[in-house]
**Q** 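Structure incoming, see below.
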Amino acid sequence: SESKMSSLQFLNERADIIKKAQALAVNANAAKGLQDVLKSNLGPKGTIKMLVGGAGQVKLTKDGSTLLGEMQIQHPTAAMIGRAANAQDDIVGDGTTTNVLFIGELMRKAESYLAEGVHPRVLVDGIESAKMETLKFLEQFKEVRTMDRDLLIDVSRASLETKIHPKLAEQMASIVTDAVLTIQKEGNIDLHMVEIMHMKHKMSTDTKLVQGLVLDHGARHPDMPKKLTNCFILTLNVSLEYEKTDVHSGFFWSSAEQREKLISSERSFTNDKVEKILELKRQVCEGTDKTFVIINQKGIDPESLDLLAKENIIGIRRAKRRNMERLTLACGGHAMNSVDDLKVEDLGFAKLVYEQVIGEDKFTFVEGVDNPFSCTILIKGPNEHSIAQIKGSIRDGLRAVKNSIHDGCVVPGAGAFEVAASEHLKEHQKKVAGKAKFGVEVFAAALLTIPRTLASNAGYDAQDVLLDTIDKYNETKKPFGIDLNTGKPSPSNITKVYDCY
């Protein structure tokens with residue numbers, strides 16, 4: 001009876017137990033399943049996926065990270081692949097689809113060797129060695145270039161075309177590039193200084209870059225001017241509101257005059273502050289064509305607004321904290337925390353400040369600033385999902401440009417690197433001893449899934465295109481990518497598709 005006992009397993013009857021070979025098969029299937037979902041996303045000719053939420057919200061996307069974020073992935077291995085891809089998206093901002101396809105293909109190619117009884121450990125050693133070799137090869141394959149505007153536009157276009165319509169990508173690429181070049185400050189790039197605003201208005205092709213700032217609220221007083229030119233801008237963090245005394249006390253008066261006095265003395269506390277601002281305004285604007293704008297982080301009450309409106313000043317209250325930082329970066333000047341000792345040096349300057357009303361929403365534009373270190377990308381679109389799609393792609397485009405400036409180099413894209421690296425690994429394989437050779441082979445073959453998928457998504461015969469490209473590369477040893485408009489291999493300086501290093 002003892003021998004019988006040992007063969008029994010004490011496990012929950014309903015638990016699924018998967019043994020070695022099956023476990024591998026299940027994991028490989030998960031990777032392949034995820035790969036099949038994302039396969040048709042890759043490249044500028046990929047198809048857009050429509051995600052429908054439980055309440056019927058529609059989301060259109062071609063961006064791998066958005067898709068992985070929205071999909072409920074049940075399988076643990078598939079979830080891990082999704083997380084790996086998302087981690088890459090957080091750090092680099094792009095390349096999620098590629099990541100998933102590559103992992104899936106690695107599994108697919110490895111399966112055939114595993115079925116022949118090659119131990120997974122040995123395969124992994126080969127794959128590791130291939131990875132190190134590919135990274136070394138990347139160092140010599142990258143192109144160190146001066147990052148001028150044209151090259152950066154090529155980089156951002158390559159990133160954007162895989163997410164939005166090519167016509168739109170053309171326009172967005174220059175918007176994104178100019179935005180990053182605007183905020184670049186002593187080699188330091190803080191992407192938070194690019195404010196992204198959206199207006200449900202007109203067409204997506206009306207999206208534009210505002211050298212300056214767009215605030216999502218307007219002046220609160222009907223008599224304030226809607227548009228001013230040559231404006232001094234005072235950024236304040238001072239409460240211009242009538243405040244009751246905090247002390248619990250009673251005031252007794254014996255005649256109406258005394259009550260009036262009391263109120264006016266409480267009121268005058270706020271009015272004095274406003275007067276100080278008005279004095280400064282008169283000092284800098286009297287006799288010139290200059291005008292005055294106040295943007296305050298705290299409140300301005302109706303009476304103070306009235307005083308400002310009489311002086312033809314735009315007063316905007318309750319501005320967002322982050323916009324205060326951006327304002328001083330965009331217009332110059334300092335953000336003031338008190339109204340005592342205001343000087344001309346504390347003022348920023350903008351050529352144009354105007355308000356635009358769309359439906360219920362007011363927008364205030366601050367444009368024409370002299371030496372901006374902050375700007376706004378204003379996304380327009382007819383409906384929510386088109387705005388969301390552009391918003392996601394702009395984030396990736398900004399990242400691509402920023403990374404290229406930091407790296408100072410680019411990698412030829414459109415499958416050029418994958419083809420070259422795969423050929424390089426075939427040489428490297430000869431130096432690897434034993435069964436680890438298989439791992440290198442798996443890695444080399446898996447790299448080719450990228451150009452192959454690019455070609456088949458564009459409707460070409462993947463085998464033909466891939467073999468042509470490999471032949472061309474071997475003839476010239478120059479980077480050749482796939483021109484998806486013709487389906488022919490083409491050198492990367494002609495396709496102008498560059499990826500981030």
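Just so you know, these numbers come straight off a predicted model, no measurement behind them.
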**Q** So which heavy atom on V440 is nearest to which on G126, and how close?
**A**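 Heavy-atom minimum between the residues: CG2-O, 3.6 Å.
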**Q** To the closest 0.5 Å, what do you measure between OG1 (T469) and NZ (K488)?
**A**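 So the OG1 of T469 and the NZ of K488 are separated by 10.0 Å.
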**Q** For H428, give me all partners under ring pair (Phe, Tyr, Trp, His ring centres under 6.0 Å), at least two apart in sequence or on another chain.
**A**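 So H428 forms no ring pair (Phe, Tyr, Trp, His ring centres under 6.0 Å) with any residue.
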**Q** Could you tell me which residues satisfy side-chain hydrogen bond (donor to acceptor under 3.5 Å, both in side chains) with K380, sequence neighbours excluded, listed by chain and number?
**A**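 Result, side-chain hydrogen bond (donor to acceptor under 3.5 Å, both in side chains) vs K380: none returned.
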**Q** Would you say S422's side chain and A444's backbone share a donor-acceptor pair under 3.5 angstrom?
**A**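 Pair found, side chain donor or acceptor close to backbone of A444.
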**Q** Identify whether the distance between the nearest side-chain nitrogen and carboxylate oxygen of D150 and R157 falls below 4.0 Å.
**A**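 No, no charged N to carboxylate O under 4.0 Å.
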**Q** Mind listing the closest non-hydrogen atom pair of N99 and A84 along with its distance?
**A**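 N99 and A84 have their closest heavy atoms at ND2-O, 4.2 Å.
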**Q** What verdict does the side-chain contact (heavy atoms from CB on, under 4.5 Å) test give for E128 and E133, after you've listed the backbone C-alpha separation in whole Å, the side-chain angles of each residue and the deciding distance to 0.1 Å?
**A** CA-CA 9 Å; E128 273 295 318; E133 190 59 34; over 6 Å; no
**Q** For a 4.5 angstrom cut-off between non-hydrogen side-chain atoms, does Q171 reach L168?
**A**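 Result yes, sub-4.5 Å side-chain heavy-atom pair found.
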**Q** Which heavy atom in P451 sits nearest to a heavy atom in V419, and how many Å separate them?
**A**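 Smallest interatomic distance, heavy atoms only, reads CG-CG2, 4.0 Å.
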**Q** Could you check whether any side-chain heavy atom of E441 comes within less than 4.5 Å of a side-chain heavy atom of K109, counting everything from C-beta outward?
**A**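 Not in contact.
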**Q** Could you tell me if the side chain of L152 sits less than 4.5 Å from the side chain of S404, heavy atoms only?
**A**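 Yes, side chains in contact.
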**Q** Atom CG of N86 and atom CD1 of I81: how far apart are they, to the nearest 0.5 Å?
**A**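 One gets 12.5 Å once the value is rounded to the nearest 0.5 Å.
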**Q** Show your reasoning for whether salt bridge (Lys or Arg N to Asp or Glu O under 4.0 Å) applies to K426 and E423.
**A** CA-CA 5 Å; K426 284 178 190 163; E423 288 302 301; 3.1 Å; yes
**Q** Quick one: CD1 on I103 to CG on L34, what's the gap to the nearest 0.5 Å?
**A**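 If we round to the nearest 0.5 Å, I103:CD1 and L34:CG are 8.5 Å apart.
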**Q** Looking only at non-hydrogen atoms, find the nearest pair between F141 and A420 and report the distance.
**A**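 Looking at all heavy atoms of both residues, the shortest contact is CE1-CB, 3.6 Å.
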**Q** Is a salt bridge present between R121 and D125, judged by a nitrogen-to-oxygen distance below 4.0 Å?
**A**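 Here R121 pairs with D125 in a salt bridge, since their nearest N and O are under 4.0 Å apart.
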**Q** Quick one: side chains of residues 455-463, donor-acceptor pairs under 3.5 Å with protein atoms, not counting sequence neighbours, listed by atom name and distance.
**A**
residue, atom, partner, partner atom, Å
S456, OG, R452, O, 3.4
S456, OG, T453, O, 3.3
N457, ND2, K39, O, 3.1
N457, ND2, L42, O, 3.0
Y460, OH, L484, O, 3.0
Y460, OH, N485, O, 3.1
D461, OD1, Q463, N, 3.0
D461, OD1, D464, N, 3.3

**Q** What heavy-atom pair brings Q429 and K437 nearest, and what distance separates the two atoms?
**A**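 Answer, listing the atom of Q429 first, then K437: O-NZ, 3.4 Å.
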**Q** Indicate the atoms forming the closest heavy-atom contact of A85 with V100, along with that distance.
**A**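 Nearest pair, atom of A85 first, then V100: CB-CG2, 3.9 Å.
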**Q** Is there a side-chain contact between K32 and E105, using heavy atoms and a 4.5 Å cut-off?
**A**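 Heavy-atom side-chain distance check fails, nothing below 4.5 Å.
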**Q** What distance do M172 atom CE and L160 atom CG have between them, rounded to the nearest 0.5 Å?
**A**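 The CE atom of M172 sits 8.0 Å away from the CG atom of L160.
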**Q** Just verifying a value: how many Å separate I394 CD1 and K391 NZ, rounded to the nearest 0.5 Å?
**A**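 Interatomic distance, I394 CD1 to K391 NZ, rounded to 0.5 Å: 9.5 Å.
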**Q** With side chains defined as the heavy atoms from C-beta onward, is the minimum distance between F102 and L106 less than 4.5 Å?
**A**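 Yes, side chains in contact.
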**Q** Kindly state whether the ring of F438 and the ring of F443 have centres lying under 6.0 angstrom apart.
**A**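 No.
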**Q** Nearest 0.5 Å, what's the CG-CG distance between L101 and L447?
**A**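 One gets 12.0 Å once the value is rounded to the nearest 0.5 Å.
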**Q** Would you indicate whether the side-chain heavy atoms of I470 and L448 approach each other to under 4.5 Å?
**A**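 Counting from C-beta outward, L448 and I470 do come under 4.5 Å.
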**Q** Might you work through the side-chain contact (heavy atoms from CB on, under 4.5 Å) test for V155 and V401, ending with a clear yes or no?
**A** CA-CA 7 Å; V155 171; V401 177; 5.6 Å; no
**Q** Between the side chains of K136 and E139, is the shortest nitrogen-to-carboxylate-oxygen separation below 4.0 Å, so that they form an ion pair?
**A**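 Answer for the salt bridge query: no.
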**Q** Does any part of the side chain of K227, heavy atoms only, come nearer than 4.5 Å to the side chain of E355, both counted from C-beta?
**A**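 E355 does not reach K227 side chain to side chain.
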